[in-house]
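Every chain is numbered from 1 and lettered A, B, ... according to where its sequence line falls, protein lines coming before strand lines.
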Amino acid sequence: MKKKSISAPYSPELQNHLTGKHLLAFEIPFSKELLAEHLSNGYVSEACGVQSTNGSYHCVRCGNKEQTMFYTFPCKICDRDCTYCRSCIMMGRVSECAKLYRWTGPGIQFTIPDSVMSWSGTLSAGQQKASDRVVEAVKGKDEFLVWAVCGAGKTEILFPAIEAALLDGKRICLATPRTDVVLELSPRLKEAFPAIEVTTLYGGSAERHGFSPLTVSTTHQLFRFIEAFDVIIVDEVDAFPYSIDDSLHYAVDKSKKASASTIYLTATPSKRMQRLYRSGKLKAAIIPARYHRQPIPIPEMKWCGNWKKKLLQKKIPPAISRWVSERLEQKIPFLLFFPSIEVMEQGIPLFQMLSPNLKIVHSQHPERKERVMAIRNGDVPGLLTTTILERGITIERLEVAVIGAEHEVFSESALVQISGRVGRSFVHPLGTITFFHYGKSKAMIEAIDHIQRMNRAAWERGLLDA
Amino acid sequence: MRVDAKLICKSCDEKLERITGDRCSMCSRGLAGNSSSGELCFDCLRWEGNGEWSGYLSNNISLFHYNEYLKEIIAKYKYRGDYALASIFIPYLKEMLRDIEYDLVTCIPLSVERLKERGFNQAQALADLLGLRTIEVLTRIDTEKQSKKSRHERIALPQVFHVTKNDLLPNQSILVIDDIYTTGTTLRQAAKALKKAGAKEVSSITLCR
């Protein structure tokens, strides 16, 4: 697939390893001599990993400029006081004396078979329209937003665009803040594009080497790339931590070429993105309907009194207790969302009196994956969770309740995503979503409004069945 | 810098498990049930029952249990190279050092290659931030020199340390600093080398065990 130049005065293996990358010496498994030779021939360039301007440090790999996230120590490598970046230290220490290397030699020529895509599914009318626009967008160098409701089938929309870009000889990256999403997308892309190499990158992943036309990566891993991609697609663009971590934006920007197009995907664009869309500065395709052509269930709001106080008194507010008991009786799987690990841990022994099999899940929980699997298989009747499960999961017949929905962690987008877990399948397009609260918040009202607006738009565009 | 002020929050502090209560009088291991404080743990009894090793290390003081949380911190500190993390241990170490008497303090050295790779010695960084004046009296015997030793010597726990400043040691109480006490082998090897070179007494302080 990759055409190697025959009498090249450079190492094709090094070229393959380093093209589009931004790596420390220990990440380059070639001899020092080979690297030095390529440096002097101009095929590779190097830069100090931490640099300072006017006494202020910045990290060239992750873009960190927060001075408290730098530390100076007596370094035995350069035998001087040397400053390193603490922000991206988990990827190997970048310091004043540690160089970052990149390939500056000839680009890699690769050929793509004409029938690169084996996916032959059909798109809904809403998907098709959005997909056509994404195909257009990847030809240019602009930003484009796909605003598609939870369950619209966002990934399939991308397939024709990825195909078109590949046939155009472009290098593509599908990035997302969440490892869960990378793990879910990677096999689907490998299946859809079996003739090409697909690289999968996340913290702890094994594949790390070599050039491939298509990369699926966490936004975090993009720190190791520089001017690599012609097309970058950021899925779940409003998800934590991309939403609050500027260095991840830096990573995405650094990883793409100046001529690259950028596609954002989400069901819940940030206020900023929505503003850019409304003012016409950001072009977007909106898919207001689910693939199964049924409206999205609307959450109901239920006052439950001072839930915080009740839980401290070791009591479940009666309204919540009734809700849970009903689902246990009818054997409907459910998720109970809590505002914090602390509140959830107060609650679990109380809920386990209703059913001893109820379990908790949070970001630091070692059995997170197994427990989600257990509710899917019906081994566990329900889970108590933090917002960690707000997106990316599909469970047949699922219903959800939010405990303390007025809490600030439940933003409009979090509540829309949580609601988006319900009614996702053809067989069970309905289901209950309950926001239990002690005083409505603006976010709760906006979330419901958001879903109603989408349903209305879907009706108007004829994307729902009567 | 205010070294006495803790640099970590309450919830992180709580995750660090201090070694308290009954412990082995030699290596600081927490003793469960059947042994009482002041006695030796099973491992130390074995060390001290072996003529090759008995009587070299007087005692080791460890601050924390090497639990999952501390494993994470130490890995980030040592292997990722986050030197700044050394500072979080300083207040605890200071408190401990108040009760220890010694004439000379030194650190377990890294090999030259390791030091060039990591950029710092994790034990030395602790000593430096404590403001201790350490003297490098030990070096690691490199593998080539080690390979010249007899098979017997290598199999029966080869000596990995070489004393460089023999003249400084006679009649001195030496305090050795290291990050982790695992099996105690490293510290006993250091103690043996130091005592053979004339040191009066060797004790050690480690972050965890």
Show the pairs of one donor and one acceptor atom, one from chain B and one from chain A, lying under 3.5 Å apart.
from	atom 1	to	atom 2	distance (Å)
B:Arg80	NH1	A:Met90	O	2.6
B:Gly81	O	A:Arg93	NH1	2.9
B:Asp82	OD1	A:Tyr84	OH	2.5
B:Asp82	OD1	A:Arg86	NE	2.9
B:Asp82	OD2	A:Arg86	NE	3.2
B:Asp82	OD2	A:Arg86	NH2	2.9
B:Tyr83	N	A:Tyr84	OH	2.8
B:Ala84	N	A:Tyr84	OH	2.8
B:Lys116	NZ	A:Lys76	O	2.9
B:Lys116	NZ	A:Ile77	O	3.2
B:Arg118	O	A:Arg93	NH1	3.2
B:Arg118	O	A:Arg93	NH2	2.4
B:Gly119	O	A:Lys76	N	2.8

key: Closest-packed option against chain B by number of heavy-atom pairs under 4.5 Å, given A:Cys75, A:Gly92, A:Pro74   = A:Pro74
ask   = Listed by chain and number, what are the salt bridge (Lys or Arg N to Asp or Glu O under 4.0 Å) partners of B:Glu17, not counting sequence neighbours?
value = none
task = Taking salt bridge (Lys or Arg N to Asp or Glu O under 4.0 Å) as the test, write out the residues that go with B:Arg18, two or more places apart.
result = B:Glu95
inquiry  = Looking only at heavy atoms and a cut-off of under 4.5 Å, which of B:Ala125, B:Ala75, B:Gly81, B:Ala86 has the most pairs with chain A?
reply    = B:Gly81
B:Thr164: side chain to side chain donor-acceptor pair (under 3.5 Å) partners, not counting sequence neighbours = none
